[in-house]
Each structure stands twice: as C-alpha cells, then as structure tokens.
Number of protein chains: 2
Amino acid sequence: MSLIDIDATPFLGLLPPRVAEELLGLSVLVKYSNGQLIHTRGELKPGLSIVHSGAAHVGVNGIDGTFVTAAALGQGECFGEFTLFTDLPRTHDVSSIGETQIYQISKSKFDSLYEREASISRALLKTTLTRTHILLETLDALRRLPILERTAKTLLTMSYTLGRADSLIIKQIDLAYSLGVTRVSLAKALKQLASIELIEIGYGRINFLDRDALARWVQQHCGISD
Amino acid sequence: MSLIDIDATPFLGLLPPRVAEELLGLSVLVKYSNGQLIHTRGELKPGLSIVHSGAAHVGVNGIDGTFVTAAALGQGECFGEFTLFTDLPRTHDVSSIGETQIYQISKSKFDSLYEREASISRALLKTTLTRTHILLETLDALRRLPILERTAKTLLTMSYTLGRADSLIIKQIDLAYSLGVTRVSLAKALKQLASIELIEIGYGRINFLDRDALARWVQQHCGISD
DNA sequence: CTCAAAATGTATAATATTTAGCATTTGATC
DNA sequence: GATCAAATGCTAAATATTATACATTTTGAG
C-alpha cells in the first residue's frame with residue numbers, strides 16, 4: 001500500500017483540456033433522477049459515458065432484487081469503454097444515485113476523435129490499468145482479509161472513485177452483497193468502524209468522518225508487507 | 001455467462017501481423033528456467049513483456065513463503081503494461097513455470113512504436129478491458145459462489161489465459177491462497193471436481209481432462225441469470 | 001534403489017459466518 | 001404529526017470453514 005500509491009485522477013482529468021473539451025463537444029448531456037437505470041446488462045448499443053455531476057453505481061442486478069455493486073463512480077469518471085473495443089454487450093447495470101448528469105458519446109463519434117488524438121488512448125489506458133490494479137487489490141482483500149478489514153478497504157476505495165463526496169449512498173444489504181458477506185456480518189463490522197469514529201452509519205448511507213484516518217487505518221491493518 | 005462470451009485471443013494475436021513483427025523486433029528474447037523470478041514487486045524499470053513459450057505466474061509473494069496467484073499467462077499474453085502508462089513500480093511478482101522464454105521490450109522502444117501504430121493501443125485496450133472483465137467475474141465468483149463453484153470457475157479462467165496447455169502447474173497450497181480458502185477446503189473441492197472427471201489431481205499440477213465439459217459445468221452452476 | 005523433502009490426504013476440535021427470526025428506527029407521504 | 005414501508009439492529013441455533021495435527025504419497029537426488 002505504501003509502495004504503490006494510486007493516482008485517483010478521473011479519466012476526464014487525464015485528458016489535455018483541449019481534447020477533453022472536444023470530446024465533450026461530441027457528447028449529449030443526459031439528466032437522470034435518483035435511482036434511474038442508465039445502462040442495462042446485455043444492452044448492445046456501444047458508447048462511452050462520463051459522469052458530469054452526481055454519481056453512478058455500476059453492478060449487477062440479481063433476479064431476486066439483489067444488487068452487487070462493482071464500483072461507485074463520481075465526477076469525471078467514465079464507464080462503457082468495454083463496449084467501444086470489444087463488440088460485446090454491456091456487462092453491467094448502471095444506475096444514477098441522486099440527481100445525476102451523464103455525458104453520452106456514441107461509438108462512432110468517439111472513434112473519429114480516437115484516431116486523431118493519441119492522448120485519448122493514453123488516458124483510457126491509464127484509467128483502465130489503474131482500475132485493474134484496484135480490482136486486483138480488492139480481490140486480494142477479499143481473499144486475505146477478515147470482514148472488518150475488508151469492509152474498511154472497500155469503503156476507502158469507493159470513497160476515492162466517488163471523488164470528494166463525503167458520504168456513500170448505499171444500503172447495508174447492497175454493501176453486504178458487494179463484500180460477499182451477510183447483512184449481519186457487515187453490520188457488525190460497520191459498528192466497529194463507527195465505534196473508532198472512522199465512519200458514521202446512516203439510514204441508507206455511510207458517512208466518511210475522516211478519510212485520512214480511514215486511509216491510515218487501512219494501510220496499517222490491510223498492508224501486504226511494504 | 002452465455003450472454004457475454006469472452007474472446008480469449010492473447011495480446012499478440014490482436015495485433016496486425018506486421019505490427020506484431022515490428023514490436024518483437026524491438027524486443028530481447030530472454031530465457032528462464034523453471035521457477036525463476038522474471039519481475040519483482042517494487043521494481044522500477046518500466047517495460048512490456050510477452051510470453052513466447054512456457055508460462056508465467058503473476059502474483060504476490062508473501063513474507064511467509066505464500067504466493068497468491070493473480071493470473072497464469074501462456075503464449076502471446078503480455079504483462080508489465082501497467083508500468084508503461086503510470087510511472088509506478090511493478091505491483092506483482094512474476095515467475096516462470098517450466099522452461100520459459102519472454103520477449104522483453106523497454107518502455108522507450110515501446111513508446112516509439114506506440115506513437116506510430118494506433119493498432120497497438122487498440123490491442124492493449126482490448127486486452128486490458130477483457131482482463132478487467134475477467135477480474136470482475138472473478139470478484140463476483142469470490143463473493144457469491146461456494147468454494148466448489150469458485151474453484152471450478154477459477155480453474156477454467158486460468159485454463160483460458162494459459163492458451164492450449166492441458167495442465168496447470170500449481171501447488172494446492174498456492175491455488176488455495178489464490179481462492180482465499182485453506183488447503184483443506186480446496187482439497188475437498190478438487191476431489192469433488194475430480195470425482196465427476198472434470199479434472200485430474202496431480203502432484204503439483206491440475207490436469208484438465210475435458211475443458212468443454214468444465215466450461216459447461218461452470219456455466220450451469222455459476223451463472224448469474226442469463 | 002533408497003532416502004529425504006515436498007506435496008497431498010484426512011480427521012477432529014475450535015471458530016467464524018450464515019440463516020432466520022423478530023424488534024426497532026428512520027424517513028417519506030398523506 | 002400520524003402512519004407505513006423500508007431499512008437497520010440484534011439474537012440464537014445451524015452450518016461452513018479454519019486451524020492443527022499427523023499419515024500417506026510422490027518426486028528427485030544421490
């Protein structure tokens with residue numbers, strides 16, 4: 001954790017301002033109210049999406065009403081890039097959390113710019129590779145860490161991809177599914193994190209009280225060796 | 001699983017033949033005997049590596065002798081791409097499995113070709129995004145599936161990234177760490193998979209008896225809803 | 001071929017986690 | 001501000017998993 005420190009700059013911030021502007025010029029800004037479906041698993045139409053405001057939850061809706069969150073994305077983060085390069089349907093459901101605005105860019109418009117501007121592929125690769133790295137860390141946490149540590153680390157990771165937001169809007173049951181534990185076990189872990197004042201448990205939300213302290217706690221308790 | 005079917009073509013196979021040739025022309029072919037360290041976590045020198053023959057295990061060596069495998073890579077698969085775009089040290093240890101030859105390409109040589117040939121960024125993005133997808137599936141398996149199913153799915157995934165190899169060279173204890181369970185639990189799962197003749201348990205290896213049957217079994221038992 | 005080291009096989013007690021149930025709190029709506 | 005659905009809080013029995021221990025098998029070195 002101390003050895004390799006991840007840059008949390010979202011995709012949009014990695015582009016040179018001129019290119020970012022040009023890319024957004026090709027987009028349509030779409031508004032969503034709280035909890036609306038932005039994309040559905042299986043959908044075929046390819047395109048890139050970028051969060052303008054609000055937040056998006058990426059995950060998979062189970063038939064039984066469960067929702068397993070894979071990531072919570074804040075301002076400047078992108079999603080849908082998988083559809084641009086693979087000719088495959090969407091792998092995840094994406095929903096808006098709160099009032100949310102998303103830039104939607106069709107594959108054809110994206111492609112025209114991609115050919116001209118090498119900075120786009122570099123930014124996208126950096127974003128994707130960073131996410132791969134985060135996923136590997138998450139995977140590692142899931143394998144190695146007890147529930148308490150796993151919970152803390154997941155909360156920290158989500159807080160990063162959400163940008164500067166100071167609370168995570170999520171139900172305990174959904175968070176529990178995302179962590180691969182039951183609600184009972186998660187509640188126990190959350191209570192413990194709340195008791196040392198790293199977080200505050202709300203109704204349908206988790207408030208981050210002190211992100212730096214949380215980061216330190218995670219580093220101390222979840223490190224590998226370095 | 002049936003909805004979204006992943007293309008297992010390795011990185012090298014995604015490049016137009018001319019570009020692949022040119023890229024390998026910039027590389028140095030390095031030989032490794034069984035179990036040699038190819039890269040170490042924390043190493044700073046950036047560069048791309050491509051498996052020419054043999055196989056490479058990517059993971060993290062614990063101080064206590066444990067090794068958590070993140071992936072097993074066969075012919076044509078690449079690794080180290082993270083170092084090309086992030087200016088960060090390597091996040092994983094990579095070891096050779098059996099007699100292995102690796103094409104090593106320095107960052108500077110890679111960059112010169114990257115600028116000229118857009119097909120490289122496309123291939124790399126496709127590879128990386130596919131891996132992200134595989135990681136998300138693995139993550140999902142780890143959260144949702146019981147040990148037996150998780151074991152089968154992981155074995156199948158590894159068999160894909162290994163190419164046409166018909167056995168996975170790995171100790172049960174390492175595989176157990178990779179699955180986040182104890183050796184005892186893994187042994188139980190392996191025994192069950194062996195009893196229905198999907199695999200064969202060897203000494204320091206798992207043999208794939210019928211990859212298609214394994215794929216069908218995984219699809220039947222590990223699917224989401226589609 | 002023999003032997004030692006390494007890896008797998010297996011049993012049992014201890015522990016962590018889940019399941020299932022009901023109680024309590026919260027927030028939105030009328 | 002009363003009411004109801006949704007979400008969280010909590011408990012105890014049932015279950016899965018781990019830790020620990022030791023036996024057995026396999027491989028490779030001499």
Side-chain angles (χ1 to χ4, degrees), chain A residues 33-36 57 61-62 64-69 95 97-99 141-152 154-155 167-195 199-207 221, chain B residues 33-36 57 61-62 64-69 95 97-99 141-152 154-155 167-195 199-207 221:
Chain A
S33 57
N34 182 34
Q36 255 189 294
H57 275 209
N61 276 106
D64 49 354
T66 60
F67 183 75
V68 180
T69 304
S95 302
I97 303 299
E99 287 288 311
L142 214 52
R143 294 191 272 225
R144 278 186 24 246
L145 301 177
I147 294 181
L148 176 64
E149 285 78 2
R150 211 190 303 171
T151 305
T154 302
L155 288 176
S167 65
L168 170 66
I169 309 288
I170 194 168
K171 286 180 287 182
Q172 284 187 17
I173 184 118
D174 287 344
L175 186 55
Y177 278 120
S178 303
L179 284 162
V181 298
T182 56
R183 190 170 62 82
V184 176
S185 302
L186 174 70
K188 204 175 136 195
L190 286 177
K191 207 175 156 190
Q192 227 172 317
L193 291 176
S195 78
I199 59 164
E200 195 177 56
I201 302 171
Y203 185 83
R205 72 193 307 148
I206 310 285
N207 300 319
H221 294 78
Chain B
S33 56
N34 183 33
Q36 256 190 293
H57 277 209
N61 276 106
D64 49 354
T66 60
F67 183 76
V68 179
T69 304
S95 303
I97 303 299
E99 288 287 312
L142 214 52
R143 294 191 272 224
R144 280 185 22 246
L145 302 176
I147 296 181
L148 177 64
E149 285 77 1
R150 211 190 302 169
T151 304
T154 303
L155 288 176
S167 64
L168 170 66
I169 308 289
I170 195 169
K171 287 181 285 182
Q172 285 188 16
I173 184 121
D174 287 344
L175 186 55
Y177 278 121
S178 303
L179 283 162
V181 298
T182 56
R183 190 171 63 82
V184 177
S185 300
L186 174 69
K188 205 175 136 195
L190 286 177
K191 206 176 158 190
Q192 228 173 317
L193 291 176
S195 79
I199 59 164
E200 194 177 57
I201 301 171
Y203 185 83
R205 74 194 305 151
I206 310 283
N207 300 319
H221 294 78

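Just so it is clear, the model here is predicted, and its values are computed rather than measured. Residue numbering restarts at 1 for every chain, and letters A, B, ... go by the order of the sequence lines.
In terms of phosphate contacts, B:Q172 brings no side-chain nitrogen or oxygen within less than 4.0 Å of OP1 or OP2 of C:dA6. A:S185 has a side-chain polar atom (N or O) that falls below the 4.0 Å cut-off from OP1 or OP2 of C:dT18. Taking side-chain N and O atoms only, A:K188 has no distance below 4.0 Å to OP1 or OP2 of C:dA16.
Of the inter-residue distances, the one linking B:N207 atom CG with B:I199 atom CD1 reads 9.0 Å to the nearest 0.5 angstrom. Note that CG of B:L193 and CD1 of B:I206 are 9.0 Å apart. Values are rounded to the nearest 0.5 Å.
Closest approach of A:R143 and B:T69 over heavy atoms only: NH1-O, 3.9 Å.
Atom CD in B:Q192 sits roughly 11 Å away from atom P in D:dT17 (whole-Å rounding). In this structure, the CZ atom of A:R183 is 13 Å from the P atom of C:dA20, given to the nearest Å. With rounding to whole Å, B:Y203 atom OH is found 11 Å from D:dT24 atom C1'. The separation between B:I206 atom CD1 and C:dA7 atom P is 14 Å, rounded to whole Å. Taking atom CG of A:L148 as the reference point, atom P of C:dA16 lies 13 Å away to the nearest angstrom. In this structure, B:R205 places its CZ atom 16 Å from C1' of C:dA6, rounding to the nearest Å. Distance CD (B:E200) to P (C:dG9): 12 Å, rounded to an integer number of Å. A straight line from CD1 of A:I173 to P of D:dA6 spans 13 Å, rounded to a whole angstrom.
Of the candidate nucleotides D:dT18, D:dG9, C:dG9, C:dG9 has the atom lying nearest to any side-chain atom of B:A187. Candidate nucleotides C:dT19, D:dT8, D:dT18 were compared by shortest atom distance to the side chain of A:V184, and C:dT19 ranks first.
When each of B:G204 and A:P146 is assigned the nucleotide of DNA chain C with its nearest heavy atom, B:G204 is the one assigned upstream, toward the 5' end.
Two residues are said to be in side-chain contact when any heavy atoms from C-beta on lie closer than 4.5 Å; A:L179 and A:I147 fail this criterion. By the 4.5 Å heavy-atom criterion applied to side chains, A:I170 and A:I97 are not counted as neighbours.
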